[in-house]
Amino acid sequence: MRGKIKLNCGSELPLKKDQANLFLEIMTTVMVFLFSVTLAGYYFINSMAESWQNGISGSLTVQIAPSAETLTEQEQNLRINKVITFFENQPSVDNVALLSQRQKQQLLQPWLGDKINLETLPVPELLDVRLQEGQVFDYEQTAAALADLAPYASIDNHNVWLHRLLQLASAVQTIGVSVLMMVSTVGALSIFYATCTSLGIHGNIIEILHIMGAKDDYIARQYARRGFWIGLFSGLAGTFFALTAFWWLRQSALTFESGLMSNAVIATDEWLMLLSLPLWTALLTMATSYWAVRRTLRKIM
Amino acid sequence: MAADKSTGSEPIVDMQNVSIRYGSDPEVLSDIKLSLDKGSFHFLTGKSGAGKTSLLSMMYLALKPSKGTVTVFGTNIGFADRDTMALMRRRIGVVFQDFRLLEHLSAYDNVAVPLKVRGMKESEIEKRVRELLRWVELEPSMHKICSTLSGGEKQRVAIARAVINRPEILLADEPTGNVDDDIAQKLMKLFVEMNRLGTTVVIATHSQELISHYNYPRIHLENKSLKVFPALRSIAHEG
């Protein structure tokens, strides 16, 4: 009868058997799932917006409409060169390039398919005009001068629709941040009230522990430990479901993605943030449980 | 045996004009004055409902008075913060009439609680708990969950838990009520020995046999007030 005794390490409260545990676990899993999906969406939109901005903001496209009359190749080249020269002479322009037939075919491929013959279609010629960094481009004045010189050419200013698109992305991100805050708040409140319920259930044991000389911190640490493990396991479950959902969404997106989405990626540090969510959840549930116990016990005995 | 071992120093428990009232009910105790010297031994008597449990609750710092001041270890409990109260409670051992054990834990874990809350090392806890459980003849049952123990065994666990910390004040509510005579004698010897080593002891009891056998003064509660009767042998000597 002299065997080594394994002491019941700091768990006089039978918290593992609490009925509220299952509720907490399910609720936390759902919250982490929602949080992960929202956060990933936020990162995704951020990446897309950056990609659009980087790819488009320093450029503009010029369309040269096909002539209504039949022109010789020389006449056609003359029309195009006139516009190219015009832009090359602009001080804020860095480079002007005429899009090849193949490039135009690629642009039209998502809408018209692979088997298109551009010769049979009235497709305009396109110029990709790259602007110098830091230079101010006067769109209105340039467009007016171009209209005088070559009324058959027109400028597509990407910044107009890019600005609208970025505004939309920003609005979606704001909603995302609000959802993240709401999910965190609801999660913390649920843990708080579940902890208070548990304190009520175990009131007799807590009273005995107090009489034995236990400080509030001793009892709060038992709840904090329970909160940590619930948070960690539920966090892992929620993140797993979220990753499964991302994978499924990615697979679906691959079937229709175009230039809008192809460049959007979640960066390494953002992946680390997403994958560390179970740990953050565990820390949040631990801290909330601890604080809830300390706050509630102050009113007892 | 001397009843009061007054040393002339400040009392270990001092109650001045203390009243207790629960909510809007009438007062349970009214205008109580009581001083317990360090190292004293008292029996606490009174009919059921006379306020014995309330008086003991104040002594083990689970209850603050509605009126008056209670000073324990020189600290007015009305002004002590929660951590100070916890540290003071560690110097007090309590045996409850209904044991108030943690029923889901083993006898060993119950007795270990007061040492664990103090942050004592596991090896030291094991040594002390094992030794005490052997002394109260519970070593063979120490791994049993308390809900499976008999009334007498539970009482011995409760007493072991109360004394494991070598408390400066030991409060016991009917500590020999559920045990046979041999164990009762042994437990009373433990209390007497602890008292001899300096522990202040208050035992609430209805047992006239216990009171007459052990020659200690008696605190008697009746009609919301308190009277302290000296040890019987002292009266005989005075007589």
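Chain identifiers are assigned alphabetically (A, B, ...) following the order of the sequence lines, protein sequences preceding nucleic acid strands; residue numbering begins at 1 within each chain.
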(request) For residues A:His210 and B:Leu61, determine if any side-chain heavy atom of one lies less than 4.5 Å from a side-chain heavy atom of the other. (result) no
(request) Count the heavy atoms belonging to other residues, nucleotides or ligands that lie under 6.0 Å from OH of A:Tyr193, then report whether that count exceeds 12. (result) no
(request) Taking atom CZ of A:Phe241 as the centre, report whether more than 12 heavy atoms of other residues, nucleotides or ligands fall under 6.0 Å from it. (result) no
(message) Quick check on A:Phe240: does its CZ atom have over 12 non-hydrogen neighbours (other residues, nucleotides or ligands) under 6.0 Å away?
(response) no
(message) Could you check whether any side-chain heavy atom of B:Asp109 comes within less than 4.5 Å of a side-chain heavy atom of A:Glu12, counting everything from C-beta outward?
(response) no
(message) So does A:Ala214 get a backbone contact from the side chain of B:Arg118, meaning a donor-acceptor N/O pair under 3.5 Å?
(response) no
(message) Nearest 0.5 angstrom please: B:His104 NE2 to A:His202 NE2, how far?
(response) 8.0 Å
(message) Atom NE2 of residue position A:His163 - does it have more than 12 heavy atoms of other residues, nucleotides or ligands inside 6.0 Å?
(response) no
(request) To the nearest 0.5 angstrom, please state how far the CG atom of B:Asp83 sits from the CG atom of A:Asp217. (result) 8.0 Å
(message) Using every non-hydrogen atom in the two residues, find where A:Leu297 and B:Arg82 come nearest and quote the distance to one decimal.
(response) O-NH2, 2.8 Å
(request) I would like to know whether A:Met212 and B:Arg90 meet side-chain contact (heavy atoms from CB on, under 4.5 Å); could you show each step before the answer? (result) CA-CA 6 Å; A:Met212 299 295 119; B:Arg90 291 177 190 180; over 6 Å; no
(request) Test B:Arg161 against A:Ile208 for side-chain contact (heavy atoms from CB on, under 4.5 Å), laying out the working first. (result) CA-CA 11 Å; B:Arg161 184 180 67 179; A:Ile208 293 168; 3.6 Å; yes
(request) Could you pull out the closest heavy-atom pair between B:Arg100 and A:Asn204, with the gap in Å? (result) NH2-O, 4.4 Å
(request) State whether the side chain of B:Arg89 and the backbone N or O of A:Ile211 hold a donor-acceptor pair below 3.5 Å, judged by distance alone. (result) no
(message) Taking atom CD as the centre, does A:Gln19 end up with more than 12 heavy-atom neighbours from other residues, nucleotides or ligands that are less than 6.0 angstrom away?
(response) no
